[in-house]
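Being a predicted model, the structure only gives us computed values, none of them experimental.
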Amino acid sequence: MKVGVITFPGTLDDVDAQRAVRYADAEAVALWHGDTDLRGVDAVIVPGGFSYGDYLRCGAIARFAPVMQPVVDAARKGMPVLGICNGFQILCEAGLLPGALTRNSSLHFVCRDQWLRVENTETPWTTRYEEGAEIMVPLKSGEGGYRAQKSTVDELEGEGRVVFRYAGGNPNGSVNDIAGVCSANGRVVGLMPHPEHAIDALTGPTDHGLAMFKSLVESVVAA
Amino acid sequence: MARVVVDVMPKPEILDPQGQAVARALPRLGFDGISDVRQGKHFELEVADDVDDETLAKIAVGLLSNPVIEDFVVRRVGQE
Amino acid sequence: MARVVVDVMPKPEILDPQGQAVARALPRLGFDGISDVRQGKHFELEVADDVDDETLAKIAVGLLSNPVIEDFVVRRVGQE
Amino acid sequence: MTQLDTVAHAAETPDTEQPFRELGLKDDEYARIREILGRRPTDAELAMYSVMWSEHCSYKSSKVHWKHWSANTTPEMKAKMLAGIGENAGVVDIGDGWAATFKLESHNHPSYVEPYQGAATGVGGIVRDIMAMGARPLAVMDPLRFGAADHPDTRRVLPGVVAGVGGYGNCLGLPNIGGEVVFDPSYQGNPLVNALCVGAMRAEDLHLAHASGTGNKVILFGARTGLDGIGGVSVLASDTFSGDEGGSGRKKLPSVQVGDPFTEKVLIECCLELFAEKIVVGIQDLGGAGLSCATSELASAGDGGMRVELDKVPLRAKGMTPAEVLSSESQERMCAVVRPSDVDAFMAVCRKWDVIATEIGEVTEGDRLVITWHGETVVDVPPRTVAHEGPMYERPIARPADQDALIADTPDGLTRPRGEEELAATLMRMVASPNLASRRWVTQQYDRYVRGGTVLAQPSDTGMIRIDEETGRGVALATDCNARFVKLDPYQGTQLALAEAYRNVAVSGATPLAVTNCLNFGSPEDPGVMWQFEQAVRGLAEGCKELGIPVTGGNVSFYNQTGTTAILPTPVVGVLGVIDDVRDRVPTGLGAGQTLLLLGETHDEFGGSEWANVVHGHLGGTPPKVDLAREKLLAEVLAEGARSGLLAAAHDLSDGGLAQALVEACLLGDVGASVTLADDQDAFVQLFSESAGRVLVAVPRPEEMRFTELCAARGLPWRKTGTVDDESDALEIAGVGAFALADLRAAWEGTLPALFD
Ligand SMILES: Nc1ncnc2c1ncn2[C@@H]1O[C@H](COP(=O)(O)OP(=O)(O)O)[C@@H](O)[C@H]1O
Ligand SMILES: [Mg+2]
């Protein structure tokens, strides 16, 4: 199975996302921001970084990149899409996920090993976790505060679409401690913390993030 | 050529940590009498004369601001 | 109470990577005719009536802007 | 507009007054330029010479001391170096066909003026140095020095610097794997912002900066050129442009540069693709002195001359003069030499990355650097005279008159804590003191995970990154300098800095291999400062010889002073080590089931110690003794222990002594420990002395015998100091007290947030 990993100018964690895909025994396919088709991949990861420098607003410019049109089309048809950090911001800007990410309440960039509670284990990216499981993965962002209209937040909570919640302290002022959410059909997931940096305790705090990529492989193979 | 200004501000109901940080700092620095501060972005564009208001609004809403959390105002401020 | 607006912009000779990022993106998005973009900050303050212009200037220079690389403009925009 | 100052015009107007003094040139230096050229320099030439002959670019006060490097580099040491002093960065062979390159550089003054941008562009500059060697930059580090922690201006400078280091490095996608934060009032008006970058490449891909091959093209690529950092040179602009709008106003130009990390990130990827396609003959970064430096260095390192059409340079500001274009320090630019047949391919790669690239000249026959402006010649010089044959000074050296008094003022008479209660209180006070407290407030603003190769980073003693994912080969790096020691004895103090960085690398399980440095000192015109400098260079060079690891490069920053008071002499030393397999790395934090051993010997050494500083505000006496043979032995035992799995954790002893090391090792492992001090030595000395050559190690209990036998066989003194007690949540030191981890953590982690949040 093939998982596309998009590189925009300024993307940083694409190598990490590709490595995570390989660790889950899938093939990583590099997708370039200028691509207009998805090269036959079964799922797409929009990785972290600072696309186009993110000077204007995180993800604001990347969402217009040519590759985003086929991503949006495929996601609407149910292709699994994962946005990590800047990728989450881009998916929100592109309208695939609700809400927006804003400046951390501390006004500082924060890099730390963060506990998360997995609250939805039905998405293709989370089937391998037990509901309520706590996992530790790195969080590293300056604009990670999740915000949305109250009605949107209520809807997310009501429909069980909060996929990850910060545990042990809210690092950035996100509403309801939200760390990650999914689309209405559950196929598109975005989160601020970085599961791809937690696939091996040698280079990350834990290997708790690997199960996300393994979940995907299982879900796609089962489908 | 015309100069166009676009101001983008966080929506009133959205938390503005930057503005709040300023508001908190003011009394510490001895400045009283400022009851609220909000911080947004200010853009200055040099625009050809044939760019119409509709196009400017599209740029403001589509690129310069995020309607989920921000409001904007467009103003033409001068001719060159 | 008065509303005061402070616009803070990078000095003209200082590189403005933010504005340039927008300027480069516009033609890609199909918007032509915009020859230059600069991006700065926009502050809105609610100010008691007895705060004078000198105080506002001090706030602008000391807290809202970085005089080494930025210029600012203070405007009173209305009474409430 | 007044007339362009061409070479012909200069020849015709020999008597024109030139503002060379405002540009920092001495009368005899100006006279020498006239002699070299056989006429007065043009404005553009004067701009070039003045920046390139500045202290910062020409090393005119320090160069005479470089003889110590060469005199102390043995053939075996040389053999490890693929490129050494004189190149953009040193390159060492790390095995399996891999080469690592690393360098430290300062950005002190700009960071005081504008902390965020100064620090940001400091990171950007050092990263381009690494790119200029043909390597992929892999990680950065940031040794920092600030004024007193509680001084109001430190609240301006520190958060700005930290945000700048993070803002640039994070956006560039380079993990920050370590650094230093040190407070001392001597840095009040002159903080030190040093930055290190390390990169790696296949050894055969090493690129050196030279322009050879007549007809080859010179291509400038990256950001446009603006009026950044040309503060000094604007005196020329105001002369030529007086009256018009770009003229006199420019005198006030701030010499501040603004960084654009996104452009640099794209530039990195673009360069790596150019290297991979082998379409670069030579490459040079543009840093201080901008195009003046890049063109003259490329030309003088090549085998021909160079011709540059300066008006082709893409500009960001209107009405720039040739002198301004040559001296602009706009960031995020590189200059490459490319064969004509490769130019199209070069441009295609740049287009892919949306990088502006412009052919601005070519390599010519002969040995002149000729620069034209709209067809008229404005520069015609022998490039070596600009780049390498600048003035060289043998500055007067004199041991400061008060050095003896400083040494005589020993810490022996300072009141020491006595009894359990006083010792315990001292420990808690030390742990929370600004120089010993946790650096987390700083380091959590830095991405240490990006690229997925970080094996160790803050708060470990050393940063370690994996270079080869197949084999696990990696490098480890540490930077250190206790400037208080250097002040007391610059020779020995610098060796202590070397020893500490070396030891920090060794505790990670890596084998130290090579050295870089950033020598931060006061004014070279002060004979006392020059004495410190000379002693430091000699100490470092001779120390490296004894350790058998070469100095591969470095940087000198003079004129670090507030008013006329110099900073503490601060020769920051960076050591790079190699580890065959990063899976053998040794962490700093303790874990269950471990025995604690103290390697090395403790003496009553408090000169320059953190205890004397924190408790008594005292600086005097002599620093701890250095024993480099001991350091070497320690490193060998540690490497062997790591390789054979005998080491579960290790933490070197430095500032704050054993007490600090125990607290940190417990907190990082989140486990308690019970510790017994030796009964034949004073408890205070054992806890707080800063004797060198010591490491706290933790070995799995079943391996205790094997490890101590290894030490005994190698003649390394060791002593069992305790055991990890994972049932307990306290550090218990018999005869001193039990310290709850929660209390220790609150004290250790609370200090910086209280100061800077
Ligand atoms: N400015 C900084 N940037 C990154 N890491 C830092 C910085 N300052 C300190 N650190 C890290 O914090 C830890 C503790 O620093 P320090 O006590 O100076 O180490 P040591 O005494 O072992 O040299 C180390 O991992 C060091 O690399
Ligand atoms: Mg250490």
**OP:** To the nearest 0.5 Å, tell me how far D/L456 CG sits from A/T203 OG1.
**Re:** 11.0 Å

**OP:** Quick one: pull up CZ in A/R112 and CZ in D/R440 and give me the separation to the nearest 0.5 Å.
**Re:** 6.5 Å

**OP:** Counting only heavy atoms closer than 4.5 Å, note whether A/S106 contacts chain D via side chain, backbone, both or neither.
**Re:** neither

Leading residue by heavy atom contact count with chain A [cutoff under 4.5 Å; candidates [options]]:
options                        : result
D/P159, D/A163, D/G167, D/P261 : D/P261
D/N170, D/D757, D/V266         : D/N170
D/D260, D/L174, D/I268         : D/D260

Original post:
Please walk me through it: do D/K265 and A/L12 pass side-chain contact (heavy atoms from CB on, under 4.5 Å)?
Top reply: CA-CA 9 Å; D/K265 164 66 181 170; A/L12 306 177; 3.5 Å; yes

**OP:** With chain D as the partner chain, list the residues of residues 14-22 of chain A whose heavy atoms fall under 4.5 Å from it, by residue number, and write 'none' if nothing qualifies.
**Re:** A/V15, A/D16, A/R19, A/R22

Original post:
For chain D, which residues from residues 38-52 of chain A have at least one heavy atom closer than 4.5 Å to it?
Top reply: A/F50, A/Y52

Original post:
Okay, side chain of D/Y449, backbone of A/K140: is any donor-acceptor separation there less than 3.5 Å?
Top reply: no

Original post:
With sequence neighbours excluded, what pairs up with D/W353 under the ring-ring contact (aromatic ring centres under 6.0 Å, His included) test?
Top reply: A/W32

Subject >> Results of ring-ring contact (aromatic ring centres under 6.0 Å, His included) for D/Y168 - residues two or more places apart only >> reply: none

Subject >> Side chain / backbone / both / neither for D/E469 at chain A, heavy atoms under 4.5 Å >> reply: side chain

Original post:
Of the backbone (N, CA, C, O) and the side chain (C-beta and beyond), which part of D/R585 lies under 4.5 Å from a heavy atom of chain A, both, or neither?
Top reply: side chain

Original post:
So do D/V162 and A/F109 actually touch side chain to side chain, heavy atoms under 4.5 Å?
Top reply: no

Original post:
Do A/H194 and D/V450 pass the side-chain contact (heavy atoms from CB on, under 4.5 Å) test, and can you show the C-alpha distance, the side-chain angles, and the key distance before you say yes or no?
Top reply: CA-CA 10 Å; A/H194 289 260; D/V450 62; over 6 Å; no

